[in-house]
Amino acid sequence: MSIPDKATSLALLREMMVIRDFEETADKLSLRGKVSGGMHNSSGQEAVAVGVLSALDKFDVIASTHRSHHHTLAKGFTPREIMAELFTRATGISGGRGASMHLGDVERGHFGGNGIVGAGVGIAMGAALGIQQKGDKKVSVGFVGDGGMNTGRTWEAINMAVIWKLPLIVIVDNNQYAVETFVGRVTGGGDLAKRAEGFGMKAFNIDGMDVLEVRKYTSEARARALAGEGPTFINALTYRYYGHNVGEKGQYRTLEEIEQWRTTKDPIDRFIKVVLDAGYASQAEVDELRASVRAEIEDAVAFADSSPEPDVSTIYDDVDSGMLGVQL
Amino acid sequence: MEEIFVPALGMAMDNVVLLEWLKQPGDQVNAGDIIAVIETDKTTLELTSETSGVLGKHKYAVEDEVPAGDTLCVVLAPGEVEA
Ligand SMILES: Cc1ncc(C[n+]2csc(CCOP(=O)(O)OP(=O)(O)O)c2C)c(N)n1
Ligand SMILES: [Mg+2]
């Protein structure tokens, strides 16, 4: 696969490092009670988020899932504003009201994470319909987990996108488990891309641990969507390194299996090799990059920790659009 | 130095009680050893050490209530001293 230029490649690498460091740091803080309601760690899934978002335009829309930190970081939101939201502070993306599962900002093309498995594709489909109606030159991306692949609403939305040729890209962030349920045990037919093909759309099963592969397939899907050719379905096979939610240590998979993915398929390690081989950076420069990421995440924690809680007087803000005139 | 602490695992972690110490200050600890047992509203939980070393001071006594996130004790690596 052709490698992007040096600046782009290093930016892809850095973004994946930011996600990993952010998640491992936030996970520890969550165990210490700093993150209201806990969180879902996306470590291991960096290449899906960075591959997809790096192939999109800033104005393209995404809708995420309950596991959304990686998508949100890759969309260009800062570690500071996301960490502050996890800490439910006024400086967070959602003003400290949403915490980990409700990161988003419609103005910036992020239609939010949410707690309903399978909802992201429906939200993104609605956004795609809006884009088509307005004649905008952009696309909408709906993320969904492997678990969300077996909910009815996901396929209702996909069907509509097909019949209306909507500029929708469905990304299955397939980490192979829905809490403790292995995808292979619950996928009728066994092949998600084939299932999607049955709805009449272009569909691919791809390596979600390879940032360049994810980027390439997304980029092609985007071009088709902009050309009026309708939706694409991309099932990106990846792996979640930590428990389903913070602190969860289930008995449903072996430590060997986790170790095997981490040591042989890790998206960051693999892409570091690509960058080194291309002569884009030396090992020392990669280490420097990691150190600069470490500093950025520490700064985000300090920012979140020193930010104020939302003021009680703002409790009714954002409850309605203002038309109802609700007042304290 | 590894801190053994009460993990904040859910929304209802208000009443965590220290049930038992299985290691005493100065004891040799091996990775994987159970250090203490705590009780929450829902369950009892064994807290294990990930590293090997020597146990530091007990910061709480049996039957104390411990806030989620607080440290119960540390495991000192060779050469380390407790602050
Ligand atoms: C409609 C619905 N059903 C069940 C749940 C409980 N639940 C939360 S996450 C989850 C597993 C989702 O698995 P997957 O879609 O693979 O996403 P992942 O957690 O792996 O990112 C379940 C069953 C929910 N939040 N919403
Ligand atoms: Mg999953």
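Lettering follows sequence order; numbering is per chain, from 1. Everything numeric here is computed off the predicted structure, so don't read it as measured data.
- For residues 240-247 of chain A, heavy-atom neighbours of chain B at less than 4.5 Å comprise A:V246, A:G247, sorted by residue number.
- Each of A:E46, A:Q45, A:E15 was compared with A:R20 under the side-chain hydrogen bond (donor to acceptor under 3.5 Å, both in side chains) criterion, and only A:E46 meets it.
- Electrostatic pairing of A:D173 and A:R67 does not count as a salt bridge here, judged by no charged N lying under 4.0 Å from a carboxylate O.
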* Check against side chain to side chain contact (heavy atoms under 4.5 Å, CB included), B:C73 and B:Y60 -> CA-CA 8 Å; B:C73 63; B:Y60 286 92; over 6 Å; no
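- Taking the ring axis of A:F182 as reference, the NZ or CZ atom of A:R253 does not stay both within 45° of it and closer than 6.0 Å to the ring centre.
- The number of heavy atoms from other shown groups lying within 6.0 Å of CG (B:L19) is above 12.
- Remark: A:S64 pairs with A:H71 by the side-chain hydrogen bond (donor to acceptor under 3.5 Å, both in side chains) rule, at least two apart or across chains.
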